[in-house]
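Everything below concerns the one structure shown next.
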Amino acid sequence: MKNQDQARFLFGISLSDRPRWQQFLICSSGFFFGYLVNGICEEYVYNRLQFSYGWYFTFVQGFVYIALIYLQGFTTKQIVNPWKTYVKLSAVLMGSQGLTKGSLAWLNYPAQIMFKSTKVLPVMLMGAFVPGLRRRYPIHEYISAMFLVIGLILFTLADAQTSPNFSIAGVIMISGSLVMDAFLGNLQEAIFTVNPDTSQTEMLFCSTVVGLPFLLPPMILTGELFKAWNSCYEHPYVYGVLVFEAMATYVGQVSVLSLIALFGAATTAMITTARKAVTLLLSYMIFTKPLTDQHGTGLLLIAMGIMMKMLPEHKAPGRSAVAKHGRSLKAGKSPVTNEKGSEVEEERSLV
């Protein structure tokens, strides 16, 4: 059964019976709201209070997620996928976070921005290798992603005080993080595609429950667990900020999973990448900072990338399509067009 035929809801709002543009607007709005509040809270906790305990804060955030999911009435009886699927998903997620945090010691901020801004490209490339997905994109979508990436790098680095500083160790770690991110988004989409009954709530609940134990070793080995516990004990109001941040981020996370289920990992990666530019642009508008020519060039390239992404794709059925259909039937697979800009082969197992 096709993924788009399944009933999808976002906090009680039905998505399945709405036009595609309304689905996109609702999910994107939830994502932007959640991560806008998240950015404000992180600014307060990390910069104002000087509490840089990323692992511990993620750990606390996970328990808030579980509590919110239970308050929504979710139970383990509603889980439709085997737990081993989420063990793999959580391992990739924790690996991505660990490599990203580890690279902070080797790369400066401009260098990190340059690498993380390219996330959409490995997501698109990795889609061809993920079992249950095997996605290939038309050439104009790769060009669209390139415009978006270059535009975002130009915009975010327009007023950087220092030049990007690279080191071999940092480059290896941040590159590993990008590979993990690419695999993560595509694996999430593959789970939704292979088993359309998977809900966004199930995926967030299971990956959180399985992922929490992965956070303990780095916290204990680095001593962050005890330092963060003592600091938060002395300033208990920090927990209030963390809970509020986690509630907002929860909205953003469920919205992101809705985008992946409905539009695919690559489109979602483009939206999450463009969010950085939108957030920066809002800060310039609110605080009336001057925009330079480099800002303008970056915004122009971002707009070109988004417009190219929105171009409709016209495919004329030809001999290659008929041949592909025949090969799929011989292999025991049914070709499924999922309205995300490409065709995937429906498989019944995730390796």
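Minimum heavy-atom separation, Cys232 to Val238: SG-CG1, 4.2 Å. Contact record, Leu301 with Gly151: CB-CA, 3.7 Å, taken as the closest heavy-atom pair. Of all the heavy atoms in Ala269 and Thr272, the pair that sits closest is O-OG1, 2.9 Å. Of all the heavy atoms in Met270 and Ser144, the pair that sits closest is CE-OG, 3.3 Å. The two residues Thr222 and Pro218 come nearest to each other via the heavy atoms OG1-O, 2.6 Å.
Ile26 and Ile260 fall within a single hydrophobic cluster, where Ile, Leu, Val, Met, Phe, Trp and Tyr side chains are chained together by heavy-atom contacts under 4.5 Å. Cluster membership for Ile139 and Leu121, using ILVMFWY side-chain heavy atoms within less than 4.5 angstrom, is shared. Val92 and Phe192 end up in the same hydrophobic cluster when Ile, Leu, Val, Met, Phe, Trp and Tyr side chains are linked at under 4.5 Å. Taken together through direct or relayed side-chain contacts under 4.5 Å among Ile, Leu, Val, Met, Phe, Trp and Tyr, Leu204 and Tyr86 form part of one hydrophobic cluster. By the criterion of side-chain heavy atoms lying less than 4.5 angstrom apart, applied directly or through intervening Ile, Leu, Val, Met, Phe, Trp or Tyr residues, Leu221 is not grouped with Met219; the two fall into different hydrophobic clusters.
When atom types are taken as modelled, the side chain of Glu202 and the backbone of Val80 share a donor-acceptor pair closer than 3.5 angstrom. Side-chain N or O atoms of Ser16 include one that pairs as donor or acceptor with a backbone N or O of Arg8 at under 3.5 Å. The backbone N or O of Gly264 sits nowhere less than 3.5 Å from a side-chain atom of Glu189 that would complete a donor-acceptor pair. At least one donor-acceptor pair under 3.5 Å links the side chain of Ser258 to the backbone N or O of Val254. Under a 3.5 Å cut-off, the side chain of Asn230 and the backbone N or O of Phe226 do form a donor-acceptor pair. A donor-acceptor pair under 3.5 Å is absent between the side-chain atoms of Arg20 and the main chain of Phe263, judged by distance alone. Side chain of Ser90 to main chain of Ser207: a donor-acceptor pair is present (N/O by atom type, distance under 3.5 Å, no hydrogens or angles). Looking at Glu224, its side chain does come within 3.5 Å of a backbone N or O of Tyr56 through a donor-acceptor pair. Listed for the Ser29 side chain is a donor-acceptor partner under 3.5 Å among the backbone atoms of Leu25.
Aromatic ring orientation, Tyr35 versus Phe31: tilted (interplanar angle from 30° to 60°).
Rounding to the nearest 0.5 Å places CD of Gln23 at 8.5 Å from OG of Ser14. The OG atom of Ser199 lies 5.5 Å from the CZ atom of Phe74; values are rounded to the nearest 0.5 Å. Distance CG/Asn186 to CG/Leu125: 9.5 Å, rounded to 0.5 Å. Of the inter-residue distances, the one linking Leu262 atom CG with Arg18 atom CZ reads 12.0 Å to the nearest 0.5 angstrom. Separation of atoms CZ (Phe244) and OG1 (Thr249) is listed at 9.5 Å; rounding is to 0.5 Å. Ile271 contributes atom CD1, which lies 8.5 Å from atom SG of Cys27 (distance to the nearest 0.5 angstrom).
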Leu184 vs Leu187, side-chain contact (heavy atoms from CB on, under 4.5 Å): CA-CA, chis, key distance, verdict: CA-CA 5 Å; Leu184 175 67; Leu187 182 57; 5.8 Å; no

Leu178 vs Lys119, side-chain contact (heavy atoms from CB on, under 4.5 Å): CA-CA, chis, key distance, verdict: CA-CA 6 Å; Leu178 287 173; Lys119 175 181 174 180; 4.2 Å; yes

Audit row: Gln78, Thr75, side-chain contact (heavy atoms from CB on, under 4.5 Å) steps and yes/no: CA-CA 6 Å; Gln78 299 173 18; Thr75 65; 3.8 Å; yes

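Taking the ring-ring contact (aromatic ring centres under 6.0 Å, His included) definition, one finds that Tyr65 meets it with Tyr250, sequence neighbours left out. Taking the ring-ring contact (aromatic ring centres under 6.0 Å, His included) definition, one finds that Tyr70 meets it with Phe205, sequence neighbours left out.
With a 4.5 Å cut-off on side-chain heavy atoms, Pro122 and Val179 do not count as touching. By the 4.5 Å heavy-atom criterion applied to side chains, Thr85 and Leu89 are not counted as neighbours. Side-chain contact between Val256 and Thr268: present, with at least one pair of heavy atoms (C-beta onward) separated by less than 4.5 Å.
Under the side chain to side chain contact (heavy atoms under 4.5 Å, CB included) rule, Met203 has a single partner from Thr208, Asn81, Ile79, Leu257, which is Leu257. Of the residues listed (Trp55, Phe63, Phe57), the one engaging Phe59 in a ring-ring contact (aromatic ring centres under 6.0 Å, His included) is Phe63, and it is the only one.
Sparse packing is recorded around CH2 of Trp229, with 12 or fewer heavy atoms of other residues, nucleotides or ligands lying under 6.0 Å away. Counted within 6.0 Å of CZ on Phe33, heavy atoms from surrounding residues, nucleotides or ligands total 12 or fewer; the atom is thus considered open.
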